[in-house]
Chemist: 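This is the structure, below, for whatever I ask next.
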Amino acid sequence: MPSDKSFAKLPGFRDFVPADLALRNHIFDAWRRVCRRYGFTEYDGPPLEPLGLYVEKSGPEIVEQLYNFADKGGREVALRPEMTPTLARILAERSRGMAKPIRWFSVPQLFRYERSQRGRLREHFQLNADIVGEAGVAADAEITAVAIDAVRELGLGEDDFVARVNDRRLVTAVLDEIGVAQRHRAACLAVIDKAGRAGPEKTRAGLEALGIGGSAAHALAELVADGSWRQLRDRFRSSGAVLAAMQPLEEHREILEAMGLGGYQRFDFTVVRGLAYYTGIVFELFDRAGELRAICGGGRYDRLLELVGGEPLPAVGFGMGDVVLGELLKDRGIAPAAAPACQDYVIWMEPAQRPLGMRVARALRREGRSVLYGLRAQGMGKQLRSAARVGAGRALIIGPEEVTGGTVTVRDLESGRQVTTSLESVLGGAGHRTGR
RNA sequence: GUGGGCGUAGCUCAGUCGGUCAGAGCGCCGGAUUGUGGUUCCGGAGGUCGCCGGUUCGAUCCCGGUCGCCCACCCCA
């Protein structure tokens, strides 16, 4: 730990040494493969945006924890805390001429100024995938499937994680039905949101603190404790509004089941999402063990583009962070090992053989192979040890004997078998089939 | 933002009721091994014990502050 704090890493920020970057790239690669498989194309935007883009569009929650400041021109700016407002701004300018629906994804680095904890830093990377211009529930199901497959692609299955799905319109209908006043709705959503962790007692206390009456509080506490689909349907079978609000979720589930992803999703009345701009189906991905924070959160936001000044366009999307996902992969032991540093290790014994060693290395690199060699003269044992440590598949040995005979000794470092071949075959490119 | 715990070698950690207390394992470097590696054996480098201040003859140890990390709240991507 450096004693001079001025050179220390900022709290909540990460260095990525090769082993860490290998994991990050492993995750990014999986995300991009899945998104492309679903026909999404990648975009990006500036990491720094006008503060105003976030102030009223995302709800007050996110603004309190922005990484913001005034730039040298006196502009109030913020490091982007989320990607959706940027996407909304881009599309507000250009979507009119674009074929709908638009399927875009991005892997931005996002920033928030808040105390860091496990799975929650001041900086992270997040996969964002959105479908814009389609209001039907098939788009919601499609985006949920992308989220699920983005996690499955990394080797996690039904036993590892689940998507909890809800619909804000359904929650609203239920609140109306049990008589929660309009003015209490937002605060009530917050209580429902944390009900899973708080437990029934605290939930009821929270509702009463809002001034929500006994029968309504009782009904809500019950729903929160056991908000099963069946229970909901029984409880509200005489309410046309609630039953109608259940239809989109029904269809959403059917589509996912048809995709073979039914086991990855579950209705959960307590999922409402914090961001103010969600308007319909919302979902979150969690590890089944319940040890970590949400892996992913998303939903429908049909009004946002209008708010930013674009044409009215329905939209649905999600954000999936790299931090919690990385923790989960490490916990499950399915994080990748760092890639080997090279394929071929050229061993030259004495300065007299170095020029030939350089020619061989050059020829191999020209073929696209990754090649290393010692930068100073060392014994063969040392060099083979170095070769093994960097993960080389084979060693190409060029000593006095090889120079005299016009040959190269090619040693397979996994089997230990070695053959002596002609120098020409290595320089000419015939040697590349014997290695990895 | 609030409360609690923890900061000793690159990593994981031991240790001192205040006085040879600067330690282990792993890793790293070198040697055994100047034409054959991943094993083994031997040796070596590396630390102002997070930082600042206080108490004391003396502080890595006690006290205060501070910074950082972890956990729980708050909140949430």
Side-chain angles (χ1 to χ4, degrees), chain A residues 1-15 17 19 54 58-67 79-85 107-128 147 190 193-194 197-198 202 271-278 284-285 291-299 317-325 340 345 347-351 353 374 377-404 409-418 420:
Chain A
M1 187 143 301
S3 56
D4 186 347
K5 291 300 173 194
S6 62
F7 294 129
K9 201 171 50 176
L10 287 169
F13 285 77
R14 297 172 288 175
D15 290 328
V17 299
Y54 306 109
S58 303
E61 307 89 0
I62 209 165
V63 175
E64 290 167 15
Q65 291 161 328
L66 282 176
Y67 226 113
L79 289 167
R80 60 187 176 195
E82 56 167 338
M83 199 57 175
T84 306
V107 186
Q109 188 174 24
L110 305 177
F111 306 86
R112 306 195 76 185
Y113 195 90
E114 60 182 356
R115 178 170 285 189
S116 56
Q117 288 180 37
R118 186 184 186 198
R120 191 183 185 196
L121 309 170
R122 285 186 171 177
E123 148 275 320
H124 73 150
F125 292 88
Q126 189 186 70
L127 168 63
N128 272 250
D193 184 40
K194 70 185 67 164
R197 295 181 301 275
K202 280 191 176 178
V271 171
V272 297
R273 307 283 304 147
L275 293 179
Y277 54 60
Y278 287 115
E284 296 184 336
L285 268 54
E291 293 162 350
L292 303 170
R293 303 173 168 282
I295 300 165
C296 164
F318 70 84
M320 178 183 296
D322 70 312
V323 180
V324 173
L325 200 49
Y345 200 98
I347 293 176
W348 54 275
M349 311 279 309
E350 302 156 358
Q353 293 100 49
Q378 274 186 316
M380 166 107 62
K382 278 266 185 289
Q383 297 194 60
L384 280 169
R385 185 178 152 86
S386 298
R389 256 199 297 205
V390 295
R394 55 180 202 172
L396 293 96
I397 300 168
I398 300 166
E401 294 170 15
E402 283 80 5
V403 172
T404 304
T409 298
V410 180
R411 180 178 179 83
D412 183 313
L413 289 170
E414 270 143 57
S415 67
R417 278 192 292 268
Q418 64 185 44
T420 297

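Computed from heavy atoms alone, side chains included, the values below leave out hydrogens, waters and symmetry copies. Chain letters run A, B, ... following the sequence lines, proteins first, then strands; residues in each count from 1.
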Chemist: Donor-acceptor pair, distance only, cut-off 3.5 Å: does the side chain of A:Arg80 make one with the backbone of A:Gln109?
Modeler: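 A pair under 3.5 Å: yes.
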Chemist: How far does the P atom of B:U33 sit from the matching atom of B:C70, given to the nearest Å?
Modeler: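 Approximately 49 Å lies between the P atom of B:U33 and that of B:C70.
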Chemist: Apply ring-ring contact (aromatic ring centres under 6.0 Å, His included) to A:Phe111 and list each qualifying residue two or more places apart in sequence or on a separate chain.
Modeler: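 Applying ring-ring contact (aromatic ring centres under 6.0 Å, His included) to A:Phe111 gives none.
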Chemist: It should be established whether A:Arg115 places a side-chain nitrogen or oxygen under 4.0 Å from OP1 or OP2 of nucleotide B:C76.
Modeler: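 Indeed not, no polar side-chain atom of A:Arg115 lies that close.
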Chemist: Would the distance check show the side chain of A:Gln383 and the main-chain N or O of A:Met380 forming a donor-acceptor pair, the cut-off being under 3.5 Å?
Modeler: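 Not confirmed, A:Gln383 side chain does not pair with A:Met380 backbone.
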Chemist: Provide the distance between the two P atoms, one in B:A59 and one in B:G19, to the nearest whole Å.
Modeler: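 Their P atoms lie roughly 11 Å apart.
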Chemist: How is A:Gly298 classified with respect to the nucleic acid when contacts are heavy atoms under 4.0 Å: base, sugar-phosphate, or nothing?
Modeler: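 Touches nothing.
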Chemist: Taking only the side-chain heavy atoms of A:Gln418 (C-beta and beyond), determine which of B:A72, B:G35, B:U36 contains the nearest atom.
Modeler: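 Closest of the options to the side chain of A:Gln418: B:U36.
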Chemist: Given the P atoms of B:G18 and B:A32, what is the spacing between them in whole Å?
Modeler: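 Roughly 49 Å separates the two P atoms.
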Chemist: Measure from CG on A:Asp193 to C1' on B:C74 and round the result to the nearest Å.
Modeler: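 Going from CG in A:Asp193 over to C1' in B:C74 covers 13 Å.
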Chemist: Side chain to side chain contact (heavy atoms under 4.5 Å, CB included) with A:Ile397: which of A:Thr409, A:Val410, A:Thr420?
Modeler: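 Exactly one pass, corresponding to A:Thr409.
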Chemist: For A:Leu413 versus A:Ala387, what's the shortest heavy-atom pair and its separation?
Modeler: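 Here A:Leu413 and A:Ala387 meet closest at CD1-CB, 3.8 Å.
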Chemist: Please give, in whole Å, the distance from B:C76 C1' to A:Glu284 CD?
Modeler: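 About 9 Å, once rounded to whole Å.
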Chemist: Under a 3.5 Å distance rule, please check whether A:Arg122 uses its side chain to pair with a backbone N or O of A:Glu114 as donor and acceptor.
Modeler: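 Indeed, once roles are kept as given, a pair shorter than 3.5 Å links the two residues.
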Chemist: Output a table of nitrogen or oxygen pairs between the protein and nucleotides 37-46 of chain B separated by less than 3.5 Å.
Modeler:
residue: B:G37; atom: N7; partner: A:Arg411; partner atom: NH2; Å: 3.0
residue: B:G37; atom: O6; partner: A:Arg411; partner atom: NH2; Å: 3.4
residue: B:G37; atom: O6; partner: A:Leu413; partner atom: O; Å: 3.4
residue: B:G37; atom: N1; partner: A:Leu413; partner atom: O; Å: 2.3
residue: B:G37; atom: N2; partner: A:Leu413; partner atom: O; Å: 3.0
residue: B:G38; atom: N1; partner: A:Leu413; partner atom: O; Å: 3.0

Chemist: Using atom types as modelled and distance alone, determine if a side-chain donor or acceptor of A:Glu284 lies under 3.5 Å from a backbone N or O of A:Arg273.
Modeler: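 No, the answer is negative, given that no donor and acceptor are paired below the 3.5 Å cut-off.
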Chemist: Expressed as a whole number of Å, how far does the C1' atom of B:G23 sit from that of B:G15?
Modeler: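 After rounding to an integer number of Å, I get 8 Å for this pair.
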Chemist: Which part of the nucleic acid does A:Glu401 contact within heavy-atom distance under 4.0 Å: base, sugar-phosphate only, or nothing?
Modeler: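 Base, at least one base heavy atom under 4.0 Å.
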Chemist: Take the protein atom CE of A:Met83 and the nucleotide atom P of B:C76, then report the distance between them rounded to whole Å.
Modeler: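 Going from CE in A:Met83 over to P in B:C76 covers 22 Å.
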Chemist: Over all strands shown, is A:Gly379 touching base, sugar-phosphate only, or nothing at heavy-atom distances under 4.0 angstrom?
Modeler: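 Result for A:Gly379 = nothing.
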Chemist: If you measure from the C1' atom in B:G38 to the same atom in B:C52, how many Å do you get, rounded?
Modeler: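 48 Å, rounded to whole Å.
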Chemist: Counting side-chain heavy atoms from C-beta on, which of B:U36, B:C71, B:C76 comes nearest to A:Gln117?
Modeler: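 Of all the options, the side chain of A:Gln117 is nearest to B:C71.
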Chemist: Would you write the dot-bracket representation of RNA chain B, where each base gets (, ), [, ], | or . depending on whether it forms a Watson-Crick or G-U pair under 3.5 Å and with which partner?
Modeler: (((((((..((((.....[...)))).(((((.......))))).....(((((..]....))))))))))))....
Chemist: For B:C29, does OP1 or OP2 lie under 4.0 Å from any side-chain N or O of A:Arg389?
Modeler: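 Looking at the OP1 and OP2 atoms of B:C29, one of them is under 4.0 Å from a side-chain N or O of A:Arg389.
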Chemist: If I take atom CZ in residue A:Arg293 and atom P in nucleotide B:C71, what distance separates them, rounded to the nearest angstrom?
Modeler: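 Distance, rounded to whole Å: 8 Å.
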Chemist: For a quick check of understanding: with a heavy-atom distance under 4.0 Å over all strands, which category does A:Leu121 fall into, base, sugar-phosphate or nothing?
Modeler: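 Since a base atom lies under 4.0 Å of A:Leu121, the category is base.
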Chemist: I need the minimum non-hydrogen distance between A:Ala147 and A:Leu285, along with the two atoms involved.
Modeler: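 Heavy atoms only, the tightest pair is O-CD2, 3.7 Å.
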Chemist: Want to settle it: does A:Pro11 or A:Gly321 sit nearer the 5' end of RNA chain B, counting the closest nucleotide to each?
Modeler: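 The residue mapped nearer the 5' terminus is A:Pro11.
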Chemist: Using the P atom in both, what is the distance from B:C17 to B:C67, to the nearest Å?
Modeler: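 To the nearest whole Å, 31 Å.
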Chemist: Can you tell me if A:Arg411 uses its side chain to pair, donor with acceptor, with the backbone of A:Arg417 under 3.5 Å?
Modeler: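 Absent.
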Chemist: Checking side chain to side chain contact (heavy atoms under 4.5 Å, CB included) for the pair A:Val323/A:Arg14: CA distance, chi angles, key distance, verdict?
Modeler: CA-CA 11 Å; A:Val323 180; A:Arg14 297 172 288 175; 3.8 Å; yes
Chemist: Specify the separation, in whole Å, of atom CD1 of A:Ile397 and atom P of B:G35.
Modeler: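 One finds 12 Å between P of B:G35 and CD1 of A:Ile397, rounded.
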Chemist: With heavy atoms under 4.0 Å as the rule, sort A:Glu402 into base, sugar-phosphate or nothing.
Modeler: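 Answer is base: heavy atoms of A:Glu402 come under 4.0 Å of a base.
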Chemist: Nearest whole angstrom, please: distance from the P of B:C73 to the CD of A:Glu114.
Modeler: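 Taking atom P of B:C73 as the reference, CD of A:Glu114 is at 15 Å.
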Chemist: Please state the P separation for the pair B:A14 and B:A24 - nearest whole angstrom.
Modeler: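 Those two atoms are separated by 16 Å.
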Chemist: Hey, is OH on A:Tyr113 packed in by over 12 heavy atoms from elsewhere, all under 6.0 Å?
Modeler: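 No - once you tally the heavy atoms of other residues, nucleotides and ligands closer than 6.0 Å, there are 12 at most.
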Chemist: What's the OH-C1' distance between A:Tyr67 and B:C76, to the nearest Å?
Modeler: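 Rounded to the whole Å, the gap is 17 Å.
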Chemist: Nearest-Å distance, CD (A:Gln65) to P (B:C74)?
Modeler: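 One finds 13 Å between P of B:C74 and CD of A:Gln65, rounded.
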Chemist: For nucleotides B:G64 and B:C28, find the distance between their P atoms and express it as a whole number of Å.
Modeler: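 Straight-line distance between the two P atoms is 42 Å.
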Chemist: Starting from the 5' end of RNA chain B, give me the residue, A:Ala190 or A:Gln378, whose nearest nucleotide shows up first.
Modeler: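 The residue whose closest nucleotide sits nearer the 5' end is A:Gln378.
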